[in-house]
Amino acid sequence: MKIETIKVWLDERLSISTLAAMAQKKEVPVHRHSIWYYFGGMTLFLFIVQVVTGILLLLYYRPSAETAFESVQFIITEVKFGWLIRSIHSWSANLMILTLFIHMFSVFFLRAYHKPREMTWLSGAVLLFISICFGFSGYLLPWNEVSFFATKVGTEIAGVVPVVGRPMLRFLRGGDDVTGATLTRFFGFHVAVLPAAATALITIHVLLVQLHGMSVPPGLAGKSVKKMKFVPNFLLRDLIGWILAIGVLAALAALFPWELGAKADAFAPAPAGIKPEWYFLFMFQTLKLIPPKILGLDGEVLGIMAFNLVGFLLFLVPFVDRPPGNPRRRLIFNVTGVFALLYIVAMTIYGYVT
Ligand code: HEM
């Protein structure tokens, strides 16, 4: 095919008028579960907040063990509204992970991953992994005491995995210990590798949603369902949600400014009761509760392998739950989903109170 032909083909499909026509055609089903359709858009909005505030932070942040902490201190004390931008970036990261979990569980319970949406689910599962990596890599960047020791513990846990663990630990840390080399790496992941991968995957994810349209829950499949125009009706409702999110973010950031704490010191003892970010807490707490030996095998290793297995099974969901409509399988999936959700919530609370 000639380049000119490809150019004409793309021009036709990517022209403003074609995109406008696509948007005009898009409709969203209206039923009692429609509220869950807002969470993907909300996650997307918070991702955009992250990109914008992240770029602003980059104007002053300096990624090295000698300068990182001081540059963040400078941002929050000297730069006009720097404290606000940093606080919004940190709060929005947490809210994004929260809306992402809500979005994932809602598409799971609504069975939105059935054919032809398997790839939408798969791209989403990779996005979940990327978002968690964003959180983990960003946590180290202020180079404070808590982030330093949390990264030490987190990478240590990765290092326990048989065979690949040790090379992975060295790859993540840039050596055997958490040092300035780890910070440089995490900075590279956080501001280059992950944003590039996330942008590409979000584009694919949202294009797939556009291509297949919104799914309806299993009980409504094949029935005539009321629909709402995406432009302007649904989009305006989305917009109200995003304005509310800005309000919540501004309130959280202003009333509870993100702490910086003390500068990391590799020779200081780890602060007592160190805990990871809330979205890692259920795994952290599980590993703390597992007995050291189970049937002669290392309990921690078994726990980590079990979480890896669950992560892998997440990718298989659309391929195991098919063909759709089997009531027994539906029950098993619902029970598993409810159990996973309750487990995450209960272990997170338990992790906080102990
Ligand atoms: C950065 C992360 C993510 C963003 C920005 C995002 C964005 C979106 C958006 C805007 C939609 C359309 C509206 C909606 O259904 O809420 C959507 C739909 C969907 N997402 Fe995500 N998503 C993300 C992560 C995930 C994850 C982790 C999963 C599951 C593992 C997932 C699975 C799906 C599926 C299956 C649909 C189709 C829903 C339907 O047709 O009813 N997404 N996503």
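We count ligands from 1, going down the list as the structure has it; atoms in each ligand are counted the same way. Since this is a predicted model, take the numbers as computed values, not measurements.
Atoms CD and CG, from Gln50 and Leu57 in turn, are 9.0 Å apart once rounded to the nearest 0.5 Å. Taking CG of Leu98 as the start and CE of Met96 as the end, the distance is 11.5 Å to the nearest 0.5 Å.
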>> Phe284 vs Phe280, test: ring pair (Phe, Tyr, Trp, His ring centres under 6.0 Å). Steps then yes/no.
In response: CA-CA 6 Å; Phe284 186 73; Phe280 292 119; 9.7 Å; no
> Could you walk me through whether Tyr37 and His31 pass the ring pair (Phe, Tyr, Trp, His ring centres under 6.0 Å) check?
Replying inline: CA-CA 11 Å; Tyr37 292 138; His31 48 77; 5.4 Å; yes
>> Set out, in order, the CA-CA distance, both residues' side-chain angles and the distance that settles salt bridge (charged side-chain N to carboxylate O under 4.0 Å, His left out) for Asp176 and Arg166, then state yes or no.
In response: CA-CA 9 Å; Asp176 285 320; Arg166 195 71 205 158; 3.0 Å; yes
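Given atom 28 (C) of ligand 1, the protein heavy atom at minimum distance is Gly124 CA, 3.5 Å. In terms of protein heavy-atom proximity, atom 36 (C) of ligand 1 is nearest to Thr120 CG2, 3.6 Å. Here the protein heavy atom with the shortest distance to atom 2 (C) of ligand 1 is Leu100 CD1, 3.5 Å. Nearest protein neighbour of atom 12 (C) of ligand 1, counting heavy atoms only, is Val209 CG1, 3.6 Å.
Closest approach of Tyr279 to Gly135, counting heavy atoms only: OH-CA, 3.2 Å. Residue Glu118 comes nearest to Arg322 through the heavy atom pair OE2-NH1, 3.4 Å, listed as atom of the first residue, atom of the second, then distance. Looking at every heavy atom in both residues, Phe136 comes nearest to Ala150 through CE1-O, 4.4 Å.
The shortest heavy-atom distance from Gly213 to ligand 1 is under 4.0 Å.
Annotation for ligand 1: atoms under 4.0 Å from non-hydrogen atoms of Ala125 are 30 (C). For ligand 1, the atoms closer than 4.0 angstrom to any heavy atom of Ala112 are 35 (C), 38 (C), 39 (C), 41 (O). The contact set between ligand 1 and Leu128, taken as ligand atoms under 4.0 Å from a residue heavy atom, comprises 27 (C). Ligand-side atoms of ligand 1 in range of Leu44: 5 (C), range being under 4.0 angstrom from any heavy atom. For ligand 1 and Met214, the ligand atoms under 4.0 Å from any heavy atom of the residue are 13 (C), 14 (C), 15 (O), 39 (C), 40 (O), 41 (O). The contact set between ligand 1 and Gly41, taken as ligand atoms under 4.0 Å from a residue heavy atom, comprises 10 (C).
Nearest-heavy-atom check against atom 32 (C) of ligand 1 across Met104, His205, Arg117, Met42 picks out His205.
Between His103 and ligand 1, at least one N/O pair is under 3.5 Å apart. In terms of polar-atom proximity, defined here as any N/O pair under 3.5 Å, Ser215 does make such a contact with ligand 1. At least one N/O-N/O distance between Tyr37 and ligand 1 falls below 3.5 Å.
The closest side-chain heavy-atom distance from Val301 to Val161 is not below 4.5 Å. The shortest distance between side-chain heavy atoms of Phe148 and Ile274 does not fall below 4.5 Å.
Neither the backbone nor the side chain of Leu314 comes within contact range of ligand 1; no heavy atom lies under 4.0 Å.
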